[in-house]
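The structure displayed is predicted, hence computed values, not measured ones.
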Number of protein chains: 4
Amino acid sequence: MKPVCLVVGAGAGLGGNVGKKFSAEGYHAVLCRRSDAEGLEALVEDIQAAGGVATGYLMNAIEDNAIEDRIAAIEAEIGPIEVVVYNLGAQIGNRTLEDTSYKAFEMGWRLATFGLFRTASVICPIMEKRGHGTILVTSATAAVRGNAGQHSHAAAMGGRRMLCQTLNAQYAPKGIHIAHILVDGSVDAPDTLGKMLGPERFKELRETRGAADGLLQPERMAETYYHIAQQHRSVWTHELDLRSFSDLAWWNH
Amino acid sequence: MKPVCLVVGAGAGLGGNVGKKFSAEGYHAVLCRRSDAEGLEALVEDIQAAGGVATGYLMNAIEDNAIEDRIAAIEAEIGPIEVVVYNLGAQIGNRTLEDTSYKAFEMGWRLATFGLFRTASVICPIMEKRGHGTILVTSATAAVRGNAGQHSHAAAMGGRRMLCQTLNAQYAPKGIHIAHILVDGSVDAPDTLGKMLGPERFKELRETRGAADGLLQPERMAETYYHIAQQHRSVWTHELDLRSFSDLAWWNH
Amino acid sequence: MKPVCLVVGAGAGLGGNVGKKFSAEGYHAVLCRRSDAEGLEALVEDIQAAGGVATGYLMNAIEDNAIEDRIAAIEAEIGPIEVVVYNLGAQIGNRTLEDTSYKAFEMGWRLATFGLFRTASVICPIMEKRGHGTILVTSATAAVRGNAGQHSHAAAMGGRRMLCQTLNAQYAPKGIHIAHILVDGSVDAPDTLGKMLGPERFKELRETRGAADGLLQPERMAETYYHIAQQHRSVWTHELDLRSFSDLAWWNH
Amino acid sequence: MKPVCLVVGAGAGLGGNVGKKFSAEGYHAVLCRRSDAEGLEALVEDIQAAGGVATGYLMNAIEDNAIEDRIAAIEAEIGPIEVVVYNLGAQIGNRTLEDTSYKAFEMGWRLATFGLFRTASVICPIMEKRGHGTILVTSATAAVRGNAGQHSHAAAMGGRRMLCQTLNAQYAPKGIHIAHILVDGSVDAPDTLGKMLGPERFKELRETRGAADGLLQPERMAETYYHIAQQHRSVWTHELDLRSFSDLAWWNH
């Protein structure tokens, strides 16, 4: 039975590519996303066409028990979840405080913070019993600095980063590797950046900045995700950043 | 009409002492706390006995509209809120992940993160119209590092810190001074530390470590809160730490 | 005998104003600067005219024994140094790596890092014997992030910040308060900013951005320096930032 | 002609193992260390015995022109330096301020900060002309927090970290990948930890904590060094940490 790599938030960009990488390396990729059954099916078929094993589920992570039940079902029916890639974003674009509704603020937290907490609450005890496991958390610059207009996103991601630290503090000694992967730039991702920009502007961006490696390429990010998951337990990375060579680091002007 | 200093979370420790300091300096102290009408009344009377002006309200901040309505009423009936001291804590002691219920995790966020967001959503537009105002946010070490057992608290405080940054980024240029005050140690506070320890242990701690200035004295903290609120707008502090001389800083071992 | 406040780096901007503030509060201000005997004399006379006590010395801090001998002489002839304000900057403007000579890199370290180490090596044991003392270190954004062109400055200031932490770790429990004051913006200082810009551009900047409180006013900064020096030992601040309300914080874009 | 991986600080621990890894992947490993010609020769022979290519030099990095001349000679005689691993440490154990001589403080800076500056000053312009290159800098916890007793080490490493940022800011857009690798724990390294502890205590530590993966294994660290050097330029990591699963992260208590 193959070990499972569960991707929560498996779009055509980072999540899907991480699934591809892990399946190519021998994992059963279980891909979950909220919507777009067709896109999900295409990802699964891509993996299978390449000789890998994958299963896809539509899952609305913020629904009660959606994550919990899915994890339980995977463990019962597919195999042991060895790696979780928590890849749910909560970027809603820049909005002033007045334009950030209570609901939008809470939604950020539900996706970015509480969803990880729920996932960890279910999977960590299981991984602890096995003595090993990996949780890779995609994070954003907003986890370490709050720009104007990022009220919901930054609060959610800042909470997520601290949660990664508390999980690491409790579970690393039990053999669970938790990594906070700070993505400091725009990912070449059709389902997120592509939708935000619209097809024309996205196409143009890809042909200019993207062609010059100025957008993070998700299949390349996946290599680092995989590397982190394979680190020997004597040399674990908890936090790292990823950005294009041509982007200023978030701390620079 | 005196400017108002609204303290959200006005126990006998830090919140109450900040209220006393601001009332002594000419503010109308409006003290809000969830429970203990008697303790609240005692604080108000102390201030009045010292020649200051104070009003107290019991307020359960996590209830819908509790903060919003209170702010509206103060602005309508008492005076312009010049300073908000957001002093609600969310420390629930060390708990393993298994012992941190979804409810406890959410409660941390409601008190420490969402409550500040709601407060800011109401008061910032009002302060912006006036062109000035100050929001002093009491924070904790858990805002910058997540220890094992602090899943709820650290996630909530990490979100709070990022929210302070986004608020500052939007509102500092409008004349609103937001400060994140990181309290890195135990405060000599009967309503929080005292209740956690019980009367005997608290008494003993005060007589030993407290007597050697090893507990943060809330009336001394209040002096720094007041100083920050009086900084000229050409020299604002956004983030500072406070700890006893005899405590190791959180980053040291 | 008045307690001494020794200012290392006492120009007409921050250093001089901190000297003025402390002398107004009862300290004997001892002002040291590398050059401009006339400017130094003017500062001393200003303080004396205001009823304060001040002494000025020209001192080239990077010369062997200059700091050490000066401190010894002050302790012997003037009085106990209660407060040191270490205010030597090392900003040399933006220079590419190719344009940063070994000498320039070393000079940054000598001024910003080694000079503080030498100062602390002499004064900390003296303060430790007395059981109290304060060292206020003026720092810069370059202490926490390295921009292109800041090779010398950032390396020097990054080292200085860590040194402040090691000094605090050893000496806070002995009663010595060390504070790292991160000045995140342009100070309205004739001897530094003024010289960099030249008289005309400086005058213009003052009349525009300065008039709108967009430059840090050194006499206002001095109030915070003084406040930090007066904090009760149960509530010491080790690190804080200062910036104009209209400046973006260094972490924001 | 093989690309060169130059290791500055090539002991039997991390430096040597990084050399082995890169040579196994097709690089010509050029190993430099201050002393122990025999140990150096053994490393070179190990690599050659494994079918790799290696050259070793004794080099006292703090001597004038030692680094500069070595780099020039390698470029002229061996091949283009594609990767520099700057691995010089400056840990001298815990010493109080009184026990940290000016010379020791300066030595820390010469090894940890200035040496990297000199290296970068020579190699960055060369790499820039080629449009690519990688500089991997081994760093320590002391780069991000200053413990008591670490006056020299922390000041040196704090400066080094900021220098990595300024180098990255100037050179990443030119194709030079600079990574700051924070080693947060004890490495199973005979030439550093081994010498500090002495043979008996080191042997015991290896058989207990080491056997339980509680010491960072240098051959495993080397895998991450190699991975970082191979990251596609659209997804570069600038900063990451490495620690054993059983060690508390530096920020935790």
Side-chain angles (χ1 to χ4, degrees), chain A residues 64-65 68 94-102 104-106 108-110 112-114 116-118 120-125 128 140-174 176 178 180 238, chain B residues 64-65 68 94-102 104-106 108-110 112-114 116-118 120-125 128 140-174 176 178 180 238:
Chain A
D64 284 353
N65 298 316
E68 294 83 349
N94 279 323
R95 299 189 189 184
T96 62
L97 187 66
E98 297 87 331
D99 287 337
T100 308
S101 66
Y102 286 12
F105 191 81
E106 180 169 344
W109 174 77
R110 289 203 175 276
T113 320
F114 190 49
L116 175 60
F117 176 75
R118 289 166 53 208
S121 293
V122 180
I123 198 65
C124 285
E128 183 180 357
T141 318
V144 286
R145 73 99 180 275
N147 273 349
Q150 294 280 297
H151 304 291
S152 168
H153 190 225
M157 284 302 191
R160 179 141 133 181
R161 179 167 170 255
M162 283 300 106
L163 180 58
C164 287
Q165 290 195 1
T166 62
L167 292 173
N168 176 66
Q170 180 174 348
Y171 287 106
K174 313 294 179 135
I176 306 178
I178 291 140
H180 179 270
H238 177 66
Chain B
D64 285 352
N65 298 315
E68 296 82 348
N94 280 322
R95 299 188 188 185
T96 62
L97 187 65
E98 296 88 329
D99 286 337
T100 309
S101 67
Y102 285 14
F105 191 81
E106 178 167 345
W109 173 76
R110 289 204 176 275
T113 321
F114 189 49
L116 175 60
F117 176 76
R118 290 165 53 206
S121 293
V122 180
I123 198 67
C124 285
E128 182 179 357
T141 318
V144 285
R145 73 99 181 272
N147 273 348
Q150 293 280 299
H151 304 291
S152 168
H153 190 225
M157 284 302 190
R160 179 140 132 183
R161 178 166 171 254
M162 283 301 104
L163 180 58
C164 286
Q165 290 195 0
T166 63
L167 292 172
N168 176 67
Q170 179 174 347
Y171 286 106
K174 313 292 178 135
I176 306 178
I178 291 140
H180 178 271
H238 176 66

Practice problem: Pick whichever of A:Arg110, A:Arg145, A:Arg160 has the most heavy-atom pairs under 4.5 Å with chain B. | Solution: A:Arg145
Quiz item: Distance only, no hydrogens: is a donor on one side chain within 3.5 Å (strictly under) of an acceptor on the other, for A:Gln150 and B:Gln170?
Solution: no
Quiz prompt | Verdict with supporting geometry, B:His153 and B:Arg95, side-chain contact (heavy atoms from CB on, under 4.5 Å) | solution = CA-CA 10 Å; B:His153 190 225; B:Arg95 299 188 188 185; over 6 Å; no
Quiz prompt | Interface residue of largest heavy-atom contact number with chain A, from B:Asn168, B:Thr113, B:Leu116, under 4.5 Å | solution = B:Thr113
Quiz item: Has the side chain of B:Thr166 got a donor or acceptor atom that lies under 3.5 Å from a matching backbone atom of A:Asn147?
Solution: no
Self-check item: Which portion of B:Leu167 sits near chain A, non-hydrogen atoms under 4.5 angstrom
Solution: both
Self-check item: Side chain, backbone, both or neither of B:Ala112 within contact of chain A (heavy atoms, under 4.5 Å)
Solution: neither
Quiz item: Is it true that the side chains of A:Gln165 and A:His238 contain a donor and an acceptor less than 3.5 Å apart?
Solution: no
Quiz item: Relative to chain B, which segment of A:Thr96 carries a heavy atom at a distance below 4.5 Å: side chain, backbone, both, or neither?
Solution: both
Quiz prompt | B:Thr100 side chain to B:His151 backbone, donor-acceptor under 3.5 Å | solution = no
